[in-house]
There are 2 protein chains.
Amino acid sequence: MKIDKSLVRTFPLFERMDDADTEALLAHASSRRVPVSEAVFEQGAAATHFYLLLHGRLKVTQVTEDGQQIIVRVVHPGDLFGFAKALQRKDYPGTATAVAESIALCWPTELWPQFVDRNPRLAVTAMQTIGQRLEEAHARIREMSTQEVERRVAHAVLRLVKQAGRKEGDAVRIDFPISRQDIAEMTGTTLHTVSRIMSAWEARGLVEGGRQKLLVKDAEGLLALADSAKE
Amino acid sequence: MKIDKSLVRTFPLFERMDDADTEALLAHASSRRVPVSEAVFEQGAAATHFYLLLHGRLKVTQVTEDGQQIIVRVVHPGDLFGFAKALQRKDYPGTATAVAESIALCWPTELWPQFVDRNPRLAVTAMQTIGQRLEEAHARIREMSTQEVERRVAHAVLRLVKQAGRKEGDAVRIDFPISRQDIAEMTGTTLHTVSRIMSAWEARGLVEGGRQKLLVKDAEGLLALADSAKE
DNA sequence: CGAAGCCTTGAATCAAGTCAATAGCTGTGG
DNA sequence: CCACAGCTATTGACTTGATTCAAGGCTTCG
C-alpha cells in the first residue's frame, strides 16, 4: 500500500525519523478510511491493530454495565491510539468512533516491538503519551471531585479549544461536530445541564452554539470561570 | 547498604530475576524508614528518586489550586511508586504520605534506564503497571460520572478489601488506619456523607467502623450494593 | 415535506453538600 | 490517674445544584 511519507513526516512522532526507518514502518502499514459514526474498533474486541490518526477526529467511549456511556478522550490527527497491546492488554478498553470523516494508518499489534526497536524515541514517546493520559485522567478526577458542573464544562471546552481550535476572526471554532450530549459525556453530567449552561454563556457572549457546533468567542472569560474558586 | 535479598524476592516484580541481577540492583538502592504522617516526597518537588515500598502503607495525594485534596491512590507493599521520570516528568505529580510506619527502597532516577536494561521484563512490568493505573483512573471516572455516592464508596471499600484486607474471623479488616475523611477523598465526596453511609451500613450489619478502623463483615452485601444498578 | 436527530426550557424532585452542634477516643502532661 | 487538648466521628436541619420528567421547537437531509 502506498502511503504519503511527507504527510506522516509532519507529525511530531515521526519528525526526527530518517527516510529508511520511516519507509520500513510504512511498508507494513495499511490505511483505513472511516466514515462518520463508524467505529474503528469496539470495546472488548481483540486488539489486533494499533493506529495513527492521519486526518479527521475520533471519540473513544466506554460503556458501563448498566448502559451508560462516557467519552474517555478525543483522538486528534497525529495521535496514536488503540495500542492496548503495548500495555499488555488483549482487548481494546473502549470503542473508537469517527465523529468526522477520518483516515487512520494501522499496523498489526505484533509489529509493535519492531516498531519500537526501529525507533527507540518512539518507546519514549509512547511512555510519555501514556503518562500524559494518566495525568489527564487524574486531572479529570480532581475536577469531578471538587468542582461544580459549570467549571468542569468550562475546562472541557477550553481543552477542546486547545486541541481542536481553529481561528475564525476573533473567535475560535471547535473544528469538528460536537453535540451537547458529547460534552455531557466528557464532563459527567447530562445534556440538559450542559444545554442550560451553554445558553447562559451564550447570553453573556462567551460562546455561540448551534447544532453540533461550538464557537468560543471569549476564551479569557471561560478561563476566568474555569479557574476562579467558587463564589 | 545491606538489604535483604530474600525479602525483595517475594515481590512479583523481582520474582524471576536471578541473583546477580537482583544484587546489582540492590547495590545501588538505599532504604528509608518513613514514620506515620511523614511524606516520602512532595507534589511538585524534583523527581530525584524512584521507590519500591517494602513495608507499610502510603497514600498519594494531590492538592488543587484552591486547596482541596484528593487521594490519587494507595501504595501497598511491593508497589513501585514515584517513577515520574520514567514518564518523562521532572517533578512528582503528587505527595506520598505514610499512613502507617513504612519502609521503602529508593534509587536515583538516573538509574532507571539501567534498571530497565538489567531486566527487560521490568520495562514490560512498568508499562503494564502504568496501563493498569490508567484503567483504574478511567474506572474511577466512569464511576464518578454515572454512579451515586453510596455505590462509589462501596466500590472503594471493596477495592481496599482486595488490596489491604486481612482475614479476621468471618470478617475482613482493612489493614491500616483509614479515616472517613480519607474515604471521602478517594470517592470525591465529604466525610459527612461517608459517615452517614457507613452508619447505615453498620446498622445493616455490613461493616463495623471505629476511629480510623474499618472491618468489613459482609463483602457480598457490599458487592451487591456496588454492582446492582440503581433501585 | 416529513422524519429523525438535536436543542431548549420550565417545573418538580432529590441526592448531597453545608452549617452547626455534640459526642467519643487517645494520648499527654500536670 | 485524671483532665484536658486535639482529633475523629455522628447526627440533625437546612439549602442547593443538578437530575429527571415533560413538552415543544428547530435543523438537516433523504
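Just so we're on the same page: letters track the sequence lines, and every chain starts at 1.
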(Q) When you measure from the side-chain N and O atoms of A:Thr189 to the phosphate of D:dA18, is any distance below 4.0 Å, counting only OP1 and OP2? (A)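 Negative; the distance criterion is not met.
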(Q) Distance criterion of 3.5 Å, no angle test: do you see the side chain of A:Arg196 paired donor-to-acceptor with the base of D:dG17? (A)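 No, the side chain and the base share no sub-3.5 Å donor-acceptor pair.
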Q: Would you mind reading off the distance between B:Gln147 atom CD and C:dA15 atom C1', rounded to a whole angstrom?
A: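 Taking CD of B:Gln147 and C1' of C:dA15, I get 15 Å after rounding.
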Q: Name the nucleic acid region contacted by B:Gly209, choosing base, sugar-phosphate or nothing; use a 4.0 angstrom heavy-atom cut-off, strictly under.
A: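 No contact.
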Q. Checking all strands, does B:Gln212 fall into the base, sugar-phosphate, or nothing category for heavy-atom contacts under 4.0 angstrom?
A.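 Answer is sugar-phosphate: B:Gln212 comes under 4.0 Å of backbone atoms only.
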Q. In whole angstrom, what separates B:Arg180's CZ from C:dA16's C1'?
A.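 It is 18 Å, rounded to the nearest whole Å.
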Q. Do the non-hydrogen side-chain atoms of B:Val75 and B:Lys59 ever get within less than 4.5 Å of each other?
A.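 No - every pair of side-chain heavy atoms lies 4.5 Å or more apart.
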Q | Atom-pair distance (CD1 on B:Ile197; P on D:dG12), nearest Å | A |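 Rounding to the nearest Å, CD1 of B:Ile197 and P of D:dG12 are 16 Å apart.
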Q: Rounded to the nearest angstrom, tell me the gap between atom CZ in A:Arg151 and atom P in D:dA18.
A: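 Going from CZ in A:Arg151 over to P in D:dA18 covers 11 Å.
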Q.
On the nucleotide C:dC6, are OP1 or OP2 found under 4.0 Å from the side-chain N or O atoms that A:Ser195 carries?
A.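 So the side chain of A:Ser195 is outside the cut-off, no N or O lying under 4.0 Å from OP1 or OP2 of C:dC6.
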Q: Check whether any side-chain nitrogen or oxygen of B:Arg211 sits under 4.0 Å from OP1 or OP2 of C:dT26, and answer yes or no.
A: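 False: B:Arg211 side-chain N/O out of range (4.0 Å or more) of C:dT26 OP1/OP2.
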Q. Think B:Ser179 has a side-chain N or O under 4.0 angstrom from the OP1 or OP2 of D:dT8?
A.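 No, B:Ser179 has no side-chain N/O under 4.0 Å of OP1/OP2 on D:dT8.
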Q | Rounded distance (Å) that lies between atom C1' of D:dC7 and atom CG of B:Asp182 | A |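 B:Asp182 atom CG is separated from D:dC7 atom C1' by 13 Å.
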Q. A:Thr187 side chain to A:Arg152 main-chain N or O, any donor-acceptor pair under 3.5 Å?
A.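 Absent.
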Q: State plainly whether the residues A:Glu143 and A:Arg151 are in salt-bridge range, i.e. N to O under 4.0 Å.
A: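 No, this pair does not count.
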**Q.** A:Arg140 vs B:Met144, side chain to side chain contact (heavy atoms under 4.5 Å, CB included): CA-CA, chis, key distance, verdict
**A.** CA-CA 10 Å; A:Arg140 215 163 139 187; B:Met144 298 191 59; over 6 Å; no
Q | B:Ser199 vs A:Gln68, nearer the 5' end of DNA chain D by closest nucleotide | A |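 The residue whose closest nucleotide sits nearer the 5' end is B:Ser199.
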Q.
Is the ring pair A:Tyr92/A:Tyr51 parallel, tilted or perpendicular, if the boundaries are 30 and 60 degrees?
A.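 The arrangement is tilted - the two ring planes meet at 30° to 60°.
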Q) Which whole-number value in Å describes the distance from B:Trp201 CH2 to D:dT10 P? A)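 Rounding to the nearest Å, CH2 of B:Trp201 and P of D:dT10 are 13 Å apart.
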Q. Starting at CD1 of A:Ile183 and ending at P of C:dC6, how long is that distance when rounded to a whole Å?
A.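 Interatomic distance, CD1 of A:Ile183 to P of C:dC6: 14 Å.
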**Q.** Base D:dT11 to side chain B:His192, donor-acceptor N/O within 3.5 Å cut-off
**A.**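 Yes.
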Q: Check the distance between D:dA9's C1' and B:Ile178's CD1 and give it to me in whole angstrom.
A: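 Atom-to-atom, B:Ile178 to D:dA9, this comes out as 14 Å.
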Q | Residue met sooner reading DNA chain D from 5', once A:Lys213 and A:Thr193 are mapped to nucleotides | A |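 Whichever sits nearer the 5' end wins; that is A:Thr193.
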